[in-house]
There are 2 protein chains.
Amino acid sequence: MTDELDTVEALAQISFVVQGTLEHRASEHGISLVQTRLLAILRDRKPTMNELALLLGLDKSSTSGLVDRAQRRGLVRRVPSQLDRRSVRVRLTEQGRLLVQVVTSAFADDVAAMLEPLSAEGRAALIGYVSEVLQAHTATHGVQFRTTATRQSGR
Amino acid sequence: MTDELDTVEALAQISFVVQGTLEHRASEHGISLVQTRLLAILRDRKPTMNELALLLGLDKSSTSGLVDRAQRRGLVRRVPSQLDRRSVRVRLTEQGRLLVQVVTSAFADDVAAMLEPLSAEGRAALIGYVSEVLQAHTATHGVQFRTTATRQSGR
DNA sequence: TATTGTTATACTCTATAACTATA
DNA sequence: TATAGTTATAGAGTATAACAATA
């Protein structure tokens, strides 16, 4: 109960630092954290508006507005579905794909630099613990969709 | 270069999960993440508006509005400074102190539960690595002020 | 009737620029 | 003149409720 609170503190702080880093990189390229999340989600999906709202954890109306603004910047497109004429699919434009790539790879460099002080073994151990936590959390709570981190080739 | 990217992914995901957890707890009690940060900062400070803006990393006008809304809810107070009559100090009300306590302790419970799957040794190792990273980061970049995590009695 | 998505409305959060009062 | 803080304005992000079109 006593040292767990210190762990809480550490986890909270690191999460603020990581998020702040991502937000900083995003704003360097003129987009917000949420817009970055949107683009990142779309890297490997062409969801309907409803699906997108679920993935983002937002109301469909909020999602609609988010897509409006991204579309106005030429980052995404609405593609009408021909199966269900009420429905649309949202997808990245080339410009959007390029932008999310630039932002997330700069971010990945930042995080890699942040982990510099650790030894290779330290990094391996850290990722092991974090993965374990994430896996359990994902099992208990909702799906853990990739949000922002760099896309990996292999895997 | 290859497994570091996986570490990036893991860190990004855990930071989203942790922030999401905090935001969820905050919204349960009717306040936003930023309001929670504001209250958390004020737990052990009575900063001027300028100092507060610096701590939050926001413009003074944004900070002023933030304090307006918190004040309207009875969570903080503006105390005029008698040294410099242009200046004010911002402080928690009892209600604000109570609220931030409730939110952060619920959050701490969430994080503790999240770390359940790890052994005691695992948690200790995790906090060790994270602390190391945070310490180096703090040295290189700005000050690391406590933002949201639970206040500890001893320490 | 139910579902998909948009629109109207209202509020929070944020920054820039202009302002007031004090120093 | 410079500094502390507020206000005016504009835009992003969010939710709720009402709506249109399609199923």
Side-chain angles (χ1 to χ4, degrees), chain A residues 19-20 22-24 26-41 46-91 99 147, chain B residues 16 19-20 22-24 26-41 46-91 99 147-148:
Chain A
Q19 295 274 309
L22 178 56
E23 185 163 27
H24 178 253
S27 89
E28 267 185 349
H29 293 89
I31 59 174
S32 70
L33 199 54
V34 181
Q35 290 285 339
T36 306
R37 260 187 94 200
L38 168 64
L39 301 186
I41 286 175
K46 299 202 224 344
T48 65
M49 200 58 82
N50 249 332
E51 290 165 352
L52 189 53
L54 253 148
L55 288 165
L56 287 163
L58 297 176
D59 189 85
K60 54 185 178 160
S61 66
S62 309
T63 308
S64 194
L66 208 59
V67 169
D68 280 349
R69 292 185 291 275
Q71 191 169 26
R72 210 177 302 142
R73 295 183 187 196
L75 303 175
V76 307
R77 269 181 35 203
R78 280 174 166 92
V79 182
S81 160
Q82 59 269 76
L83 301 174
D84 185 338
R85 288 189 0 246
R86 294 170 300 181
S87 192
V88 298
R89 293 203 166 268
V90 184
R91 48 164 302 179
L99 181 58
T147 6
Chain B
F16 271 101
Q19 295 275 309
L22 178 56
E23 185 162 27
H24 178 252
S27 89
E28 266 185 349
H29 293 88
I31 59 175
S32 69
L33 200 53
V34 181
Q35 290 285 339
T36 306
R37 261 188 93 201
L38 168 64
L39 301 186
I41 285 175
K46 299 201 227 342
T48 65
M49 201 57 83
N50 249 332
E51 291 164 351
L52 189 53
L54 252 148
L55 288 165
L56 286 163
L58 297 176
D59 189 85
K60 54 183 178 161
S61 66
S62 309
T63 308
S64 194
L66 208 59
V67 169
D68 280 349
R69 292 184 291 275
Q71 190 169 26
R72 209 177 304 140
R73 295 182 188 199
L75 304 174
V76 306
R77 267 180 36 201
R78 280 174 166 93
V79 183
S81 160
Q82 58 270 77
L83 302 172
D84 184 338
R85 293 201 339 259
R86 295 170 299 181
S87 192
V88 300
R89 293 202 165 267
V90 184
R91 48 164 302 178
L99 181 58
T147 5
T148 52

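Note: hydrogens, waters and symmetry copies are ignored here, and every other heavy atom, side chains too, is used. All values derive from a computational prediction rather than experimental measurement.
- Listed by first then second residue, pairs satisfying salt bridge (charged side-chain N to carboxylate O under 4.0 Å, His left out) with a partner in residues 57-73 of chain A read Asp68(A)-Arg78(A), not counting sequence neighbours.
- The interatomic distance linking Ile31(B) (CD1) with dT12(C) (P) rounds to 13 Å, in whole Å.
- Expressed to the nearest 0.5 Å, how far CG of Asn50(B) lies from CZ of Arg86(B) amounts to 10.0 Å.
- Atom CG in Leu38(A) sits about 12 Å away from atom C1' in dG13(D), given to the nearest Å.
- We find that CG of Asp59(B) is positioned 13 Å from P of dA4(D), with the value rounded to whole Å.
- Among dT12(C), dA8(D), dC13(C), the nucleotide with an atom closest to any side-chain atom of Arg73(B) is dT12(C).
- One can place CG of Asp68(B) at 10 Å from C1' of dT7(D), the figure rounded to the nearest angstrom.
- Residue Arg69(A) places at least one side-chain N or O closer than 4.0 Å to OP1 or OP2 of dG13(D).
- Rounding to whole angstrom units, CG of residue Leu58(A) and P of dG13(D) are separated by 10 Å.
- In this structure, CG in Leu99(B) is found 6.0 Å from CG in Leu75(B), a value given to the nearest 0.5 Å.
- Using a 4.0 Å heavy-atom distance criterion, Thr63(B) is classed as making no nucleic acid contact.
- In this structure, the separation between CG on Leu39(B) and NE2 on His29(B) is 12.5 Å, given to the nearest 0.5 Å.
- Taking atom CZ of Arg72(A) as the reference point, atom P of dA12(D) lies 6 Å away to the nearest angstrom.
- We find the OG-CG distance between Ser64(B) and Leu52(B) to be 10.0 Å, quoted to the nearest 0.5 Å.
- Atom CG of Leu66(A) and atom P of dG5(C) are 15 Å apart (whole Å).
- Considering only side-chain atoms of Ser64(B), the nucleotide from dT7(D), dA12(D), dA15(D) that sits closest is dT7(D).
- Across dA17(D), dG5(D), dG5(C), the shortest atom-to-atom separation from the side chain of Ser61(A) is found for dA17(D).
- Note on Ser62(B): a base of the nucleic acid sits closer than 4.0 angstrom, heavy atoms only.
- In this structure, Glu51(A) contributes its side chain and Thr48(A) its backbone to a donor-acceptor pair below 3.5 Å.
- Proximity of residues 78-88 of chain B to DNA chain D (heavy atom under 4.0 angstrom from any strand atom) is restricted to Arg78(B), Arg86(B), Ser87(B), Val88(B).
- Among the heavy atoms of the strands lying under 4.0 Å from Asn50(A) are primed sugar atoms or P, OP1, OP2 only; no base atom is included.
- If you measure from atom CG of Leu56(B) to atom P of dT12(C), you get 17 Å, rounded to the nearest angstrom.
- Around the NE2 atom of His24(B), the shell of radius 6.0 Å holds no more than 12 heavy atoms that belong to other residues, nucleotides or ligands.
- For the pair Lys60(A) and Lys60(B), nearest-nucleotide mapping onto DNA chain C gives the more 5' position to Lys60(A).
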